[in-house]
Amino acid sequence: MSSDKPETAGQQGKIGPEEHEENWRRLGDEEFDVVVIGGGVTGAGVALDAATRGLRVALVEARDLASGTSSRSSKLFHGGLRYLEQLEFSLVREALHERELMLNRLAPHLVKPVSFLYPLTHRIWERPYTAAGLLLYDRMGGARSVPGQKHLTRAGAQRMVPALKRDAMIGGIRYYDAQADDARHTMTVARTAARYGAVVRTSTQVVDFLHEADRVAGARLRDVDDGRETEVRAQAVINATGVWTDELQRLSGGRGRFRVRASKGVHVVVSRDRIVSDSGLILRTEKSVLFVIPWGNHWIIGTTDTDWNLDLAHPAATKKDIDYILEHVNTVLATPLTHSDIEGVYAGLRPLLAGESDDTSKLSREHAVARVAPGLVAIAGGKYTTYRVMAKDAVDAVANDVSGRMAESITDKVPLLGADGYHALVNQIDQIAAAHGLHPHRVRHLLDRYGSMVHEVLALGEQRPELLKPIDEAPNYLRAEVVYAVRNEAALHLEDVLTRRTRISFEYPHRGTECAEQVARLIGEELNWDEQRVSDEVQRYCARVRAERESQNQPDDQAADATRVAAPEAREELVEPVS
């Protein structure tokens with residue numbers, strides 16, 4: 001599995017099986033300046049921010065990178081158009097600045113412009129009102145890396161989105177935002193942190209905190225795959241666990257300075273041919289907005305916004321949630337969508353700062369940082385787009401706990417792994433494709449997932465040409481991508497690959513069950529699984545898919561939750577509360 005070739009810059013961010021074992025030893029043997037709990041985008045961002053300031057950093061995650069909220073978002077880097085109406089100007093300006101950074105400097109391989117049509121339904125007032133908001137939106141972001149708004153007549157909007165009913169609008173305005181594969185982006189942030197020295201380890205749960213006098217001085221860790229435990233010592237601990245923030249605060253023995261409320265957001269996925277359109281859509285609902293987002297050969301449609309007080313690890317979509325989405329999108333579609341059109345469904349939880357209102361759509365998307373106890377800082381709230389700002393604020397907050405002078409944050413100048421050289425490689429797609437016997441479209445797809453690390457993926461086919469063939473029943477992905485996910489991207493279970501390193505779990509109607517055995521065997525070759533382990537992984541994954549399908553036929557959250565949590569965990573040694 002290892003190579004005698006000298007490491008490239010990209011390979012230095014490798015977090016594979018060897019690093020997984022070595023990092024367990026390091027967690028127990030070394031003392032760190034900062035231990036970060038939580039492998040979502042905020043925790044990964046905190047680890048990267050701290051590491052690039054020169055701090056000794058460890059990042060631990062109980063399940064997999066982006067296994068919670070950070071793989072279940074609307075997959076947009078956006079300012080949040082609706083926040084303008086709520087007069088959250090600073091939040092919108094901050095988010096648009098981050099969008100520009102991602103598109104231009106930090107992650108051009110992962111973050112791409114995407115257009116949306118805003119259908120107008122009221123004469124006289126709506127066009128100038130919306131245009132004024134979009135003009136403000138266009139101007140707030142600073143440097144322009146996406147086109148500005150374009151006004152369309154009803155006929156022009158109909159040509160752009162033939163799927164719309166003719167009477168669903170009187171015209172429209174097209175504007176641009178940006179999108180990314182959230183799970184891949186989060187994993188790349190974590191790998192970039194590892195590239196700059198952070199010890200990154202998944203399947204590593206915090207089960208208790210260490211104390212010295214009145215200070216938090218580290219954490220007790222459990223390997224949730226084999227049950228081993230160890231202790232990691234640190235000058236400061238940062239709780240970046242999103243919807244688990246309150247559970248971790250209770251575990252620490254300290255009282256939280258804020259409370260986090262979970263809001264469930266459900267998205268459905270349909271085939272691209274079900275909605276004939278050259279652009280995404282943004283539709284007003286009575287509570288919020290509904291997005292129809294282009295996603296390769298699919299559309300992602302969502303989201304809902306409802307309070308959730310049940311299992312935090314596996315929020316379940318109900319029939320009511322799916323009906324809500326279909327009902328609202330069908331108000332504007334000439335050919336209505338039905339349940340049989342749905343290829344995939346996913347549900348995630350937004351970690352909102354609890355406020356006075358019972359309406360989750362009105363709770364703040366601002367983030368907050370609090371010193372829970374000496375040596376322990378918690379960060380919560382915010383939105384995916386502003387993860388880098390959240391990370392900076394969290395690391396700033398432990399400055400008094402860490403010995404020596406802390407450098408300023410520099411992550412606005414640190415491209416993520418794969419960004420350097422990406423644009424040149426785009427110009428070389430035909431040559432790369434010819435060299436490896438692949439179609440140029442395939443190479444473009446790989447480039448937009450791996451950037452300049454694409455050569456590491458393609459190199460796997462030099463010794464084993466069969467790895468450059470597509471996965472059976474999931475032909476958007478190469479077999480090499482499975483092997484690469486294990487060797488370099490911290491994938492330890494079948495679910496990690498089918499759900500997050502690839503998005504097979506919602507991009508195909510079979511949701512991964514038809515290719516589960518083939519993918520499990522590829523993983524097993526890397527992790528030395530025997531036949532029984534391969535079989536167990538496949539059975540657990542298929543049980544998860546069955547539970548999710550059944551939950552999506554249930555009438556309410558309680559019934560859906562009971563159905564979903566019955567499926568077995570991939571990581572068998574997890575204990576409650578889960579962090």
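Since this is a predicted model, take the numbers as computed values, not measurements. We're numbering straight along the sequence, starting at 1.
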- line: Of all heavy-atom pairs linking Ala368 and Leu353, the shortest is CB-CD1, 3.7 Å
task: May I ask you to decide if Asn309's main-chain N or O and Asp307's side chain share a donor-acceptor pair within less than 3.5 Å?
output: no
- prompt: Looking at CG of Leu106 and OG1 of Thr192, how far apart are the two atoms once the value is rounded to the nearest 0.5 Å?
  reply: 10.0 Å
- request: Would you sort out whether Tyr196 and Val414 count as a side chain to side chain contact (heavy atoms under 4.5 Å, CB included), showing the intermediate values?
  value: CA-CA 10 Å; Tyr196 289 103; Val414 180; 3.6 Å; yes
task: Check whether any side-chain N or O of Tyr422 sits under 3.5 Å from a backbone N or O of Tyr450 as a donor-acceptor pair, and report yes or no.
output: no
Separation of His78 NE2 from Glu98 CD (nearest 0.5 Å): 13.0 Å
message: Assess whether a salt bridge exists between Glu456 and Arg487, defined as any Lys/Arg side-chain N lying under 4.0 Å from an Asp/Glu carboxylate O.
response: no
query: Is the closest basic N to carboxylate O distance between Glu537 and Arg533 below 4.0 Å?
result: yes
- line: Heavy atoms of Ala236 and Val402 approach each other most closely as CB-CG2, 4.5 Å
message: Using only atom types and a distance under 3.5 Å, with no angle test, would you say the side chain of Asp33 pairs donor to acceptor with the backbone of Arg56?
response: yes
query: Is it the case that Thr202 and Glu61 place a side-chain donor and acceptor less than 3.5 Å from each other?
result: no
Glu569 and Arg63, any side-chain heavy atoms less than 4.5 Å apart: yes
- prompt: Under 3.5 Å, side chain of Glu231 to main-chain N/O of Gly218, donor-acceptor pair present?
  reply: no
task: Give a yes or no on whether a salt bridge exists between Arg184 and Glu489, defined as a side-chain N under 4.0 angstrom from a carboxylate O.
output: yes
task: Write down the atom of Gly13, the atom of Leu417, and the distance for their closest heavy-atom approach.
output: CA-CD1, 4.0 Å
- prompt: Using 30° and 60° as the class limits, which term best fits the ring planes of Phe77 and Tyr387: parallel, tilted or perpendicular?
  reply: perpendicular
- prompt: Salt bridge or not for Arg564 and Asp311, using N-O below 4.0 Å?
  reply: no
Basic-acidic side-chain contact under 4.0 Å: Asp246, Arg250: no
- prompt: At their closest point, which heavy atom of Ala183 faces which heavy atom of Ser71, and how far apart are they?
  reply: CB-CB, 3.8 Å
query: Within a strict 4.5 Å, meaning less than it, do heavy atoms of the Val377 and Ile379 side chains meet?
result: no
- prompt: When you check the gap from the basic side-chain N to the acidic O, do Glu495 and Arg544 get nearer than 4.0 Å?
  reply: yes
field: No-hydrogen, no-angle side-chain donor-acceptor test under 3.5 Å, Asp225 and Ser203
entry: yes
field: Thr186 versus Tyr384, side-chain donor and acceptor atoms under 3.5 Å
entry: yes
SB check Asp496 Arg571 (cutoff 4.0 Å): yes
field: 4.5 Å side-chain heavy-atom contact, Ile300 and Ser74
entry: no
- prompt: Does the Thr385 side chain pair with the main chain of Ala95, one donor and one acceptor, at a distance under 3.5 Å?
  reply: no
Ile37 side chain near Phe209 side chain, heavy-atom distance below 4.5 Å: yes
- request: Using modelled atom types only, decide if a donor and an acceptor are shared between the side chain of Ser252 and the backbone of Gln249 within a distance under 3.5 Å.
  value: yes
- prompt: So which of Glu507, His267, Gln179 actually passes side-chain hydrogen bond (donor to acceptor under 3.5 Å, both in side chains) with Trp295?
  reply: Glu507
field: Pair Asp208 + Arg222: basic N to acidic O under 4.0 Å
entry: no
message: Between Thr499 (side chain only) and Ser505 (backbone N and O only), is there a donor and an acceptor less than 3.5 Å apart?
response: no
query: Do the side chains of Ile293 and Leu76 get nearer than 4.5 Å, heavy atoms only?
result: yes
query: Does a side-chain heavy-atom distance below 4.5 Å link Val457 with Arg449?
result: no
Distance in Å, Leu48 CG paired with Leu416 CG, rounded so as to fall on 0.5 Å steps: 7.0 Å
task: Would you mind telling me which of Thr318, Thr306, Asp321 makes a side-chain hydrogen bond (donor to acceptor under 3.5 Å, both in side chains) with Lys264?
output: Asp321
- prompt: Taking the side chain as C-beta and beyond, is there a heavy-atom pair between Pro315 and Arg72 under 4.5 Å?
  reply: yes
message: Could you check whether any side-chain heavy atom of Gln235 comes within less than 4.5 Å of a side-chain heavy atom of Ser403, counting everything from C-beta outward?
response: yes
task: Determine, step by step, whether Arg540 and Glu572 satisfy the salt bridge (charged side-chain N to carboxylate O under 4.0 Å, His left out) criterion, reporting the C-alpha distance in whole Å, the side-chain angles of both residues, the deciding distance to 0.1 Å, and the verdict.
output: CA-CA 11 Å; Arg540 272 198 293 263; Glu572 297 179 297; 3.2 Å; yes
field: Minimum heavy-atom distance Ala380-Val260, with the two atoms named
entry: CB-CG2, 3.5 Å
query: Passes side chain to side chain contact (heavy atoms under 4.5 Å, CB included), Asp64 versus Leu492? Steps please.
result: CA-CA 8 Å; Asp64 183 28; Leu492 297 171; over 6 Å; no
query: Can a donor-acceptor pair be found between the side chains of Asp420 and Ser452 at a distance below 3.5 Å?
result: no
task: Hey, could you give me the OG1/CG distance between Thr204 and Leu27, rounded to the nearest 0.5 Å?
output: 6.5 Å
- request: For Arg215 and Pro374, indicate whether the former's side chain and the latter's backbone hold a donor-acceptor pair under 3.5 Å.
  value: no
field: Atom pair OG1 (Thr411) and CZ (Arg388), whose distance is rounded to the nearest 0.5 Å
entry: 4.0 Å
- request: Decide, yes or no, whether a salt bridge links Glu19 with Arg191 under the criterion of side-chain N to carboxylate O below 4.0 Å.
  value: no
field: Considering all heavy atoms, the nearest Val232-Leu210 contact
entry: O-CD1, 3.5 Å
query: Checking side chain to side chain contact (heavy atoms under 4.5 Å, CB included) for the pair Lys392/Thr386: CA distance, chi angles, key distance, verdict?
result: CA-CA 10 Å; Lys392 172 188 176 299; Thr386 56; over 6 Å; no
query: Are any of the side-chain nitrogens in Arg503 or Asp182 under 4.0 Å away from the carboxylate oxygens of its partner?
result: yes
task: Report the distance from atom OG of Ser67 to atom CZ of Arg500, rounding to the nearest 0.5 Å.
output: 5.5 Å
task: Please lay out, stage by stage, how Glu229 and Arg220 fare under the test salt bridge (charged side-chain N to carboxylate O under 4.0 Å, His left out).
output: CA-CA 7 Å; Glu229 294 196 358; Arg220 181 150 195 86; 2.8 Å; yes
query: What orientation do Trp529 and His493 show, parallel under 30°, tilted 30 to 60°, or perpendicular over 60°?
result: tilted
task: For the pair Asp177 and Arg99, evaluate side chain to side chain contact (heavy atoms under 4.5 Å, CB included) and give the outcome as yes or no after the intermediate values.
output: CA-CA 8 Å; Asp177 255 318; Arg99 183 194 74 181; 2.7 Å; yes
- prompt: Are Arg201 and Asp223 ion-paired here, with the side-chain N under 4.0 Å from a carboxylate O?
  reply: yes
